[in-house]
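Here is how names work: the chains are called A, B, and so on, in the same order as the sequence lines, proteins then strands, and each is numbered from 1.
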4 protein chains.
Amino acid sequence: MNATEKWLEEWLEEWLEQEHKAGKMTEKQRRILMAATEIFAEKGYAAASTSEIAQKAGVAEGTIFRHYKTKKDLLLSIIAPAMAKLFGPLFLRDFAKMLDQPYETYEEFLKALFYNRYEYARDNLSIVKIIIQEVPFHPELREKVKAVAEDMIISRFRRIIDNYKEKGMLDSNLPTPAIIRFMISNMVGLVASMLVIMPEKDWDVEKELETTIQMMMRGLAGKG
Amino acid sequence: MNATEKWLEEWLEEWLEQEHKAGKMTEKQRRILMAATEIFAEKGYAAASTSEIAQKAGVAEGTIFRHYKTKKDLLLSIIAPAMAKLFGPLFLRDFAKMLDQPYETYEEFLKALFYNRYEYARDNLSIVKIIIQEVPFHPELREKVKAVAEDMIISRFRRIIDNYKEKGMLDSNLPTPAIIRFMISNMVGLVASMLVIMPEKDWDVEKELETTIQMMMRGLAGKG
Amino acid sequence: MNATEKWLEEWLEEWLEQEHKAGKMTEKQRRILMAATEIFAEKGYAAASTSEIAQKAGVAEGTIFRHYKTKKDLLLSIIAPAMAKLFGPLFLRDFAKMLDQPYETYEEFLKALFYNRYEYARDNLSIVKIIIQEVPFHPELREKVKAVAEDMIISRFRRIIDNYKEKGMLDSNLPTPAIIRFMISNMVGLVASMLVIMPEKDWDVEKELETTIQMMMRGLAGKG
Amino acid sequence: MNATEKWLEEWLEEWLEQEHKAGKMTEKQRRILMAATEIFAEKGYAAASTSEIAQKAGVAEGTIFRHYKTKKDLLLSIIAPAMAKLFGPLFLRDFAKMLDQPYETYEEFLKALFYNRYEYARDNLSIVKIIIQEVPFHPELREKVKAVAEDMIISRFRRIIDNYKEKGMLDSNLPTPAIIRFMISNMVGLVASMLVIMPEKDWDVEKELETTIQMMMRGLAGKG
DNA sequence: AATGAATGAGGCTTCATTCAT
DNA sequence: AATGAATGAAGCCTCATTCAT
């Protein structure tokens, strides 16, 4: 087991721990976590003040520090389990199923993946924003994320993609890393458009998704 | 002239003013601007301290405030002209040429556009990072950027894209907004990969660009 | 109820609130208020530094700002209730009694009034100094004080003075405003002499007061 | 010659020096002095900034310090000659004349004195405000003023007043210091009313003065 | 467990003053 | 003589964190 896998395990642990604690979590603790999530997402970690979080959570300033040793601890308590939920599925049974369960086509696979991640982002918008905004500023996080992403995602997706290449569903001449980037770019671009950039627009998710996948699969070129 | 165009003009003005001032700018002022740019990019606006900036610039802390009334002023002095350089070209003669000068194919157009913006991002990496990180947190900026982007970019690109659709070079069945998003997603994804996510990798820019454009134009589908 | 009366009520409210809080006031808070009062009186608001106040009060500088949002807030927390105590009595039951309870002569009335305000000034010397020194520099205060003074004091005293004029105890040929100014000038002059200008002198308050009132009532003219 | 007289001489010297310099004073210097006077009067010495003064005077920040070593120096350059003009006349030929030139009555003397000082205050309102506001906060000034006032004024006025007492124009039973205070209180009260407290009122100076002097001489008592 | 008063380090900003031009 | 960029000390205020209750 390499370092990357160790971190993932850490996150998963924290995730499970969090899940576990969620049961015994005080009402106050839950409120602190929610308030912090909202405020971090809204103004960024550095510009958020613990006193504001306390106020929004309806607890005393000191209470936060009874549960989280430092402000950074509070941030990590939000990010770590979210990381696990974000990356974790790629390594768990559910996802393994996605891999084994032979989606007839790459398109179906893409659609399932997009939709799955879209739903996660939609339901955890604040947390996703925090991750995107804060990861670049906290070296420990940055390193972990980078390692996990580079190391694991590439390797897992490579298998999937090579699988479809073999089946003749993907153009074998295209370099796998480029395909992965292509996939992620469009996934992120689509989800960001719908949830962050123009959230007020009345999106037909299904249709957008299909159009996007069509462009990905068949390209823009006219038949002219 | 609508509000959006007014902002653009504002930025352009500030840009020119900045250009103009650049001549008379004190050595110290230049150093302050550079130091601030680096530190804002590295730790974010909120977490950057003016004393650190002063130290890095090799000036007294007070000197910063002789040139920039507020810390925020300093941020805007970095962002505003960059905005102009980022969005401005889309509306100036150079870009008009890009539109008129009939790129034979959409692919050539894409390539020119990608390369042009890639070079800008490469040469102004810190500033681009600052813009991406700070715009979401500063409502005035956010509103302006959103308006400019939604309003202008869409309208300009629509003309270009419709143009190519008419020529039969783009699939007329695809909705123009989706094409624009597709284009931007892949452009941002590619540039971010090369400059931010894996800057240490030894990229063959030309080749990546071509692969990406190929995927965009012809899609991933195998010939199977 | 006009604006002036509203301010007075505001002050009275703050006064009562202060009284009320005085019970729950932390020892530290009391010390901050005392230290601030002394230092403001000694060097003036603008020249007083919060760090000096903190030091004199024996608390951390931050502690001041936990109780008073701003330095100005601290000033107002000293001035507002004092204003109420300074002007308020003129409108309350006690003072109403002074009006109704028929002092046999204007001289007795003057004596009671002088003595009453002298005692207040003596016991609140620092605060009175602050009021005199700071009111001119803070427009909000200046306006309020001016309105209250012009509007209310004049009107109340007019009744009293006209009352004594009718009884033949005051020269009806003298304009009431001049009488009021005459009264206040001499009251302020006497009190200032004893408490501010020559506080080290061993004053026989009773005697000075009587001499002053004698001069006011019968004038300086010799019998020659 | 005692210490008090030495200070007076100092001021007079500075006054004369100033008069003298006034001729060679640069336009800029004059503008600095005027700007400083206005701003000190308006916001107080401590709250006034040299840069604001420079701006109002239309000179560079550094220029002030070419003429006045420190900000305090600038204050003293305004106050010292004004002190001389304020107290000086009491000791000069002009004033000696006032003493010798036998005003028929004390009332005439009072009227001349009041009017003379009223005119001075009216024409130098800002400076008088500065003196009143700043003297209490600057120990050197405070000591000087106090010494001069206590020491000299008392002694000079004593002669005048005793003079009138002997002539039977003033009640010999009244203590001279009380008479002096009475005189000053009413003079200050009247002038302050007209110039500072209610400057917008349309005063009939002559009449107010006469009413005041009448009250001082014959008192308020009705003939009843 | 919870509170909230207290802390003091550090942040942004102002300002009197200096000095090279 | 005049300028105005530069300085750095000091000012006001915020904030994460601690601790007695």
Side-chain angles (χ1 to χ4, degrees), chain A residues 26-29 32 45-55 57-74, chain B residues 24-29 31-32 46-55 57-74, chain C residues 24-29 31-32 46-55 57-74, chain D residues 26-29 32 45-55 57-74:
Chain A
T26 326
E27 172 57 18
K28 295 201 186 249
Q29 213 174 138
I32 290 171
Y45 171 76
S49 83
T50 52
S51 83
E52 192 187 352
I53 293 170
Q55 201 183 349
V59 303
E61 293 189 46
T63 306
I64 291 176
F65 293 90
R66 180 152 296 282
H67 296 288
Y68 307 94
K69 235 199 296 288
T70 62
K71 186 186 171 191
K72 186 125 192 195
D73 222 53
L74 179 54
Chain B
K24 338 176 174 180
M25 232 196 253
T26 324
E27 172 57 19
K28 304 223 174 214
Q29 210 175 139
R31 288 219 307 273
I32 290 170
S49 85
T50 52
S51 83
E52 192 186 354
I53 293 170
Q55 201 178 353
V59 302
E61 203 173 349
T63 304
I64 292 177
F65 293 91
R66 170 159 290 278
H67 297 289
Y68 307 93
K69 247 195 285 291
T70 359
K71 187 189 172 192
K72 184 128 191 194
D73 220 53
L74 178 55
Chain C
K24 343 174 172 180
M25 230 195 255
T26 326
E27 172 58 17
K28 304 223 174 214
Q29 210 174 143
R31 288 218 308 273
I32 290 170
S49 84
T50 52
S51 83
E52 192 185 355
I53 292 170
Q55 201 179 352
V59 303
E61 203 174 348
T63 305
I64 291 176
F65 294 92
R66 170 158 290 278
H67 296 290
Y68 307 93
K69 246 196 285 290
T70 357
K71 188 187 169 193
K72 184 126 189 194
D73 220 53
L74 178 54
Chain D
T26 326
E27 172 57 18
K28 295 202 185 247
Q29 213 175 135
I32 290 170
Y45 171 77
S49 83
T50 52
S51 83
E52 192 186 353
I53 293 170
Q55 200 182 350
V59 302
E61 293 189 46
T63 306
I64 290 176
F65 293 91
R66 181 152 296 281
H67 296 289
Y68 308 93
K69 237 199 295 286
T70 61
K71 186 186 172 191
K72 186 126 191 193
D73 222 52
L74 179 54

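Looking at B/E61 and B/S51, their side chains never bring a donor and an acceptor atom within 3.5 Å of each other.
Separating the CZ atom in C/F65 from the OG1 atom in C/T50 is a distance of 4.0 Å, to the nearest 0.5 Å. Separating the CG atom in A/D73 from the NE2 atom in A/H67 is a distance of 12.5 Å, to the nearest 0.5 Å.
Stem list for DNA chain E (at least 3 consecutive Watson-Crick or G-U pairs, distances under 3.5 Å): E:2-21 with F:2-21.
For B/K72, the NZ atom counts as densely surrounded, since its 6.0 Å shell holds more than 12 non-hydrogen atoms of other residues, nucleotides or ligands.
Residue D/I32 comes nearest to D/V59 through the heavy atom pair CG1-CG2, 4.0 Å, listed as atom of the first residue, atom of the second, then distance. Residues D/A46 and C/A46 come closest through the heavy atom pair CB-CB, 3.7 Å.
A straight line from CG of C/L74 to C1' of F/dC13 spans 13 Å, rounded to a whole angstrom.
Remark: the backbone N or O of D/S49 is not paired with any side-chain donor or acceptor of D/K71 at under 3.5 angstrom.
Counting 5' to 3', DNA chain E first comes under 4.0 angstrom of a heavy atom of chain C and last does so at the ends given by E/dA5 to E/dG8.
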Sugar-phosphate means primed atoms, P, OP1 and OP2; the rest is base. With that split, encode nucleotides 7-12 of chain F 5' to 3' as B, S or - using protein heavy atoms under 4.0 Å. BB--SB
